[in-house]
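Read through the structure below, which is laid out as structure tokens, and then see the notes.
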Amino acid sequence: MNLFTPRRTRVRLIVKGVIGLADISVIFLSFTLVSLLYRDAALDAQTSKTLALVIPVFVGIAISNGAYTTSVVERLMPSLYKTLTAFLFAVGISILAVFLLKSSESFSRGVFGLGTGVGLIGLTFSRKLCCSIHRHHFGRQFVNELLINHRPPKAIIKPDHVITIDAELEGLVPDPDDHDMMTRIGALVKNADSITVNCAVDLRDAWSFVLKAADVQAQIVYPELDRIGALRIGHFGDSTTLAVSLSPLSLPNRIVKRVFDLAVAVAAVILLAIPMLAIAALIRIDSSGAALFRQTRIGRNNQPFMMLKFRSMATGRQDDAARQLTRRNDERLTRIGAFLRRTSLDELPQILNVLMGDMSIVGPRPHAAQALAGQSLYWQVDNRYWHRHAIKPGMTGLAQIRGHRGNTFREDDLRDRLQSDLDYIAQWSLLSDILIIISTFRVLRHDNAF
């Protein structure tokens, strides 16, 4: 029994081949166009020789880094990352080759530099179009995935494109001592991209052993791992371990995020120093007391830190523990304080928290430990609340631009922003931080800002 016909594989190879040809064409046309515009001539001999190196190297790197795998082709960001990375590596290798071969005198730096820039732009638009067409016309219908149920302990939800068989109905028994059975299983998984086996506990060892003999990616369903949130398999000494927590940001990404935070914060201090001093003066004139309000909030790794804000309430009426969050027309607010909260200007001193390293420009908003959603503490509503503190809190975040801000009158108010925070952590990128900052300007004035 062969569930996956060779035709599906052929069509998939054709689709990937067309995308590969599109990439090559974009690179070639980019350098040709630049050569015509820059030198009013077709590709010269030196640039042609360089392209003869760039294109094969690009194709080799793109294939090896998975730029043409189905799971990458159908998703824009991974597709762009792998394709553009392969192109830049190919360009770098070509430049190194030109230098080592001492051909730089006849090498047109202008054509090559501009051609590289145009190539990056062209590949971006080309891959975006290819991803869109692939998702629209193919989706995942050419991904050969098989689910084998064999007395499963629980039913699992599967995508529509996955083919499912019942091992007992098909007479399949994972027995390595049965030559005919091993042949049947081998024929069953032929041309499959991945196999998932959902079986009874006493059958897991047998299926694991049998599938190791097949040229296919295979996995066994372990429902009990759902309870502990296992992320991946690891090793410690001679034992196999299950990773249950991974740092959301790798060390290089943490460095990138910190450098970005410092760049934005320093620029903000320079631009906003005089307006912030003016606001501090107005607060002091409007009511007695300090211009800044300090409150303990929960930071990264669930550690407390002192968050800064412009004081918006009358001195002595602030709620340091945040047991009573600010309400609409709150009588505790001063005149200037009400304006600051409506416009979110009261948050500006947190730029200093960013400079000190307690906060980031973008991240989950920091909360006070005693804040309530309805009548419950935040972590009592959903204990995943602690997970949002795996990274630094931010001045703004995904929850805020989605409109989840202000008081948490209901438990669902907390759940909505918690889900946004967890989405942000799971999908972090520097681009997402930039987009969130830009979108924040649209929600500085919000109905829930009071």
Side-chain angles (χ1 to χ4, degrees), residues 247-269 271-272 276 292-310 322 325 340-341 343-369 371 378-379 384-408 413-446 448-449:
S247 176
L249 302 182
S250 64
L251 178 59
N253 283 338
R254 290 205 302 271
I255 293 173
V256 167
K257 188 171 174 61
R258 180 58 180 158
V259 170
F260 177 73
D261 285 341
L262 288 174
V264 174
V266 169
V269 167
L271 292 173
L272 300 174
M276 289 175 66
L292 291 179
F293 170 65
R294 297 170 175 82
Q295 186 177 60
T296 301
R297 298 287 179 99
I298 305 175
R300 182 184 174 198
N301 292 327
N302 296 303
Q303 297 300 298
F305 75 99
M306 197 65 68
M307 192 190 76
L308 303 176
K309 297 181 70 171
F310 280 127
L325 298 181
L340 294 176
R341 295 187 71 93
T343 56
S344 302
L345 292 174
D346 61 319
E347 311 286 359
L348 286 180
Q350 287 157 43
I351 295 172
L352 301 178
N353 286 119
V354 175
L355 291 174
M356 290 185 290
D358 294 323
M359 292 180 63
S360 181
I361 296 295
V362 180
R365 286 293 295 156
H367 299 147
Y378 284 172
W379 58 86
R384 294 181 306 159
Y385 175 77
W386 298 114
H387 297 173
R388 71 194 293 275
H389 302 129
I391 65 174
K392 290 181 183 180
M395 293 183 65
T396 185
L398 185 60
Q400 283 62 51
I401 67 171
R402 286 180 175 177
H404 306 312
R405 56 180 297 188
N407 208 326
T408 48
D413 293 330
L414 184 277
R415 292 190 182 98
D416 288 340
R417 64 191 64 188
L418 173 60
Q419 188 57 56
S420 294
D421 292 338
L422 297 178
D423 289 345
Y424 169 77
I425 294 173
Q427 302 166 12
W428 179 86
S429 69
L430 183 60
L431 178 60
S432 70
D433 274 11
I434 295 172
L435 293 176
I436 289 172
I437 291 172
I438 294 172
S439 299
T440 297
F441 289 100
R442 296 187 293 104
V443 295
L444 288 177
R445 177 68 178 89
H446 192 274
N448 289 337

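All figures in this text were calculated on a predicted structure; none of them were measured in a lab.
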State whether the side chain of K392 and the backbone N or O of V354 hold a donor-acceptor pair below 3.5 Å, judged by distance alone. no
Over 60° means perpendicular and under 30° means parallel, so classify the ring planes of H367 and Y378, tilted if in between. perpendicular
Could you report the tightest heavy-atom contact between A268 and I351, atom names first, then the distance? CB-CD1, 3.7 Å
Closer than 3.5 angstrom, by distance alone: can the side chain of D346 be matched with the main-chain N or O of F310 as a donor-acceptor pair? no
Using atom types as modelled and distance alone, determine if a side-chain donor or acceptor of D433 lies under 3.5 Å from a backbone N or O of G363. no
With a 4.5 Å cut-off on side-chain heavy atoms, are I391 and W428 touching? no
Specify the closest pair of heavy atoms between G299 and H389, including all atoms of both residues, with the distance to one decimal. O-CB, 3.5 Å
Taken to the nearest 0.5 Å, the spacing of Q427 CD from L422 CG works out to 10.5 Å
Non-neighbouring partners of D358 that pass side chain to side chain donor-acceptor pair (under 3.5 Å), sequence neighbours left out: none
Given Q419, which partner from the list D421, D416, D423 fulfils the side chain to side chain donor-acceptor pair (under 3.5 Å) test? D423
Considering the options R297, K309, R365, which one meets the side chain to side chain donor-acceptor pair (under 3.5 Å) requirement together with Q350? R365
Which distance, rounded to the nearest 0.5 Å, do you find between the CG of L249 and the CD1 of I255? 11.5 Å
F305 side chain reached by T296 side chain, heavy atoms, under 4.5 Å: no
How long is the gap from CZ on R341 to CD on E347, to the nearest 0.5 Å? 7.5 Å
Do the side chains of F441 and I401 get nearer than 4.5 Å, heavy atoms only? no
Rounded to the nearest 0.5 Å, how far apart are NE2 of H387 and OH of Y385? 13.0 Å
Looking at every non-hydrogen atom in both residues, tell me the closest pair between A265 and L355 and how far apart they are. CB-CD2, 3.6 Å
Which atom pair, heavy atoms only, marks the closest approach of I298 to P366? O-CB, 3.9 Å
Measure the spacing between CZ of R415 and OG1 of T408 and express it to the nearest 0.5 Å. 11.5 Å
Step by step, work out the side-chain contact (heavy atoms from CB on, under 4.5 Å) result for R294 and L308. CA-CA 5 Å; R294 297 170 175 82; L308 303 176; 3.5 Å; yes
All heavy atoms of P364 vs all of R388, minimum pair found to be CB-NH2, 3.4 Å
Rounded distance [0.5 Å steps], CD in Q400 versus OG in S420: 8.5 Å
I437 and F260, any side-chain heavy atoms less than 4.5 Å apart: yes
How close do P349 and L292 get, counting heavy atoms only, and between which atoms? CG-CD2, 3.6 Å
